[in-house]
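Right, one structure below, let's go through it.
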There are 2 protein chains.
Amino acid sequence: MHQNAAAENNSRKSDARLESERAILTAAESVFAEFGFKGATTALIAERAGLPKANLHYYFPTKESLYRRVVDRIFRIWLEAARSFDDCDDPAQAISRYVAKKMEISRDYPNGSKIWASEIMMGGPVMQDYLETTLREWTQSRIDIIDRWIAEGRVRAINGRYLLYLIWAATQHYADFGHQIATLNGGEPLDDAQFCDAQDTLIGIILRGIGINQSG
Amino acid sequence: MHQNAAAENNSRKSDARLESERAILTAAESVFAEFGFKGATTALIAERAGLPKANLHYYFPTKESLYRRVVDRIFRIWLEAARSFDDCDDPAQAISRYVAKKMEISRDYPNGSKIWASEIMMGGPVMQDYLETTLREWTQSRIDIIDRWIAEGRVRAINGRYLLYLIWAATQHYADFGHQIATLNGGEPLDDAQFCDAQDTLIGIILRGIGINQSG
DNA sequence: TATCCCTCTGACCAAATGGTCAAGTTTTTG
DNA sequence: CAAAAACTTGACCATTTGGTCAGAGGGATA
């Protein structure tokens with residue numbers, strides 16, 4: 001196959017290898033999300049990935065190395081969402097875009113969000129570096145932006161830090177507590193219309209809550 | 001000791017037994033919160049409770065029975081907070097009291113909140129009954145109250161369900177993600193002043209967000 | 001003191017689990 | 001085509017873990 005060349009761009013890894021790794025990582029995400037790091041078993045991950053456990057250990061020597069790869073991916077997705085805060089200097093647009101993006105991530109990668117939550121609850125054994133460097137810097141720079149908006153009178157005087165926590169909490173809730181939300185929805189996950197309603201309700205409350213009068 | 005009579009009110013359990021059970025339950029809460037159900041080991045729980053593992057199994061025959069007791073306690077605390085929604089018919093007071101109460105619970109029983117979160121992420125194997133009965137009924141009745149407030153024009157038209165989810169998410173975040181919040185606070189948990197600030201910021205955003213103009 | 005009941009605990013066991021390995025099979029390369 | 005490199009896998013192992021058990025305190029009551 002001629003796609004070989006494209007695949008080899010990625011560290012000379014064959015298509016088959018990439019496919020196996022992808023299957024393992026996907027399975028690992030679901031198992032780590034459901035049982036936490038200690039509760040996850042490599043046997044179950046291998047089973048969900050459709051290959052023998054020994055084969056899984058060929059690609060990922062230890063459970064921890066596999067876990068690290070999964071956490072890495074999650075953090076990269078988080079960083080992508082973080083960028084939507086930069087695209088625009090209008091507070092209303094910046095915040096509503098950021099909230100919308102985080103909601104979409106909760107819907108599209110719920111397992112990633114759960115693993116993040118689990119990591120933090122365990123005291124961040126793997127992500128502590130990220131928390132102390134990248135996340136801390138990102139958070140402070142966004143607080144600075146919010147403070148500038150406040151100084152310019154475009155946003156009501158609030159503590160930007162706790163606004164960010166509110167946004168993180170409210171959006172990630174739709175992933176981390178998806179099972180509870182589904183149970184309270186008759187056992188079914190939110191459909192598209194409900195999800196949009198949740199998103200709009202959240203954005204509406206936050207924007208008005210920080211003193212932005214929405215048009216429309 | 002004359003307190004004996006008081007203790008015997010509780011199913012004839014001796015002081016010593018109650019004390020041992022309390023120590024075990026406290027230890028169990030911290031271990032389940034940190035490692036999840038599967039990751040928690042009875043050996044570690046026993047160690048943190050300061051007694052041999054065999055003794056723990058004398059009081060709680062299986063790990064699951066111990067876990068159920070811990071989850072029961074959490075749910076009872078949750079119900080207590082839920083009542084603060086009933087004490088008052090004024091939307092501003094009812095909601096600000098409820099949020100404040102939930103924030104206090106996050107500060108005072110962070111492990112309980114983490115175990116709840118972990119349970120939900122596992123698909124609610126133990127709490128599913130609660131979710132489908134008590135929680136569902138409580139949620140619907142509160143949505144009805146919010147809808148009445150809206151009909152009376154005392155609150156902006158919003159979807160009450162997603163307002164509740166926002167409140168749960170934002171308040172429980174301070175327990176579940178306490179480690180992340182501490183890391184972003186220079187490694188120290190929020191002090192009293194910061195915690196109050198977070199509480200006031202949250203209440204302020206929510207009240208204004210649902211169209212209640214606060215005085216003061 | 002003798003009896004009874006509750007509590008405590010070290011030693012033990014079977015099952016589960018992370019990880020290894022040698023012996024294969026397949027794919028790539030010279 | 002042959003050799004080498006990469007991949008696959010069943011069997012195996014050491015450790016961990018939930019739970020058991022026999023027997024040892026220890027404090028009431030008669």
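By convention in this document, chain letters (A, B, ...) are assigned in the order of the sequence lines, proteins followed by strands, and residues within each chain are numbered from 1.
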Original post:
Rounded to the nearest Å, what distance is computed from the CD atom of residue B:E21 to the P atom of nucleotide C:dC8?
Top reply: 11 Å
**OP:** Just do the ring-ring contact (aromatic ring centres under 6.0 Å, His included) check on B:W138 and B:F75 with the steps written out, would you?
**Re:** CA-CA 13 Å; B:W138 186 91; B:F75 197 76; over 10 Å; no
Original post:
What nucleic acid atoms does B:A46 come within less than 4.0 Å of, heavy atoms only: base, sugar-phosphate, or nothing?
Top reply: nothing
Subject >> Nearest-Å distance for atom pair CD/P, residues A:E47 and D:dT8 >> reply: 18 Å
Original post:
According to the interplanar angle, ranging from 0 to 90°, do the rings of B:F177 and B:H173 count as parallel (below 30°), tilted (30 to 60°) or perpendicular (above 60°)?
Top reply: parallel
Original post:
Is any side-chain heavy atom of B:I120 less than 4.5 Å from a side-chain heavy atom of B:M127?
Top reply: yes
Original post:
For B:T42 and D:dG18, is the shortest distance between a side-chain N/O and OP1 or OP2 below 4.0 Å?
Top reply: yes
Original post:
Hey, does the side chain of A:K38 come within less than 4.0 Å of D:dT17's phosphate (OP1/OP2), counting only N and O?
Top reply: yes
Subject >> d(CD, B:E19; C1', C:dC6) in whole Å >> reply: 17 Å
Original post:
So, the side chain of B:W149 versus the backbone of B:D89: is there a donor-acceptor pair under 3.5 Å, distance only?
Top reply: yes
Original post:
Is there a side-chain polar atom (N or O) of A:R17 under 4.0 Å from OP1 or OP2 of D:dA6?
Top reply: no
**OP:** Check the distance between D:dT20's C1' and B:K63's NZ and give it to me in whole angstrom.
**Re:** 17 Å
**OP:** With a 4.0 Å heavy-atom cut-off, tell me which residues in residues 52-61 of chain B come close to DNA chain D, sorted by residue number.
**Re:** B:K53, B:A54, B:H57
**OP:** Let me know the distance between CD of A:E64 and C1' of C:dT17, rounded to the nearest Å.
**Re:** 16 Å
Subject >> Under 3.5 Å: donor-acceptor pair, side chain of A:N185, backbone of A:G187 >> reply: no
Original post:
Is the A:Y174 ring parallel, tilted or perpendicular to the B:Y165 ring (thresholds 30°, 60°)?
Top reply: perpendicular
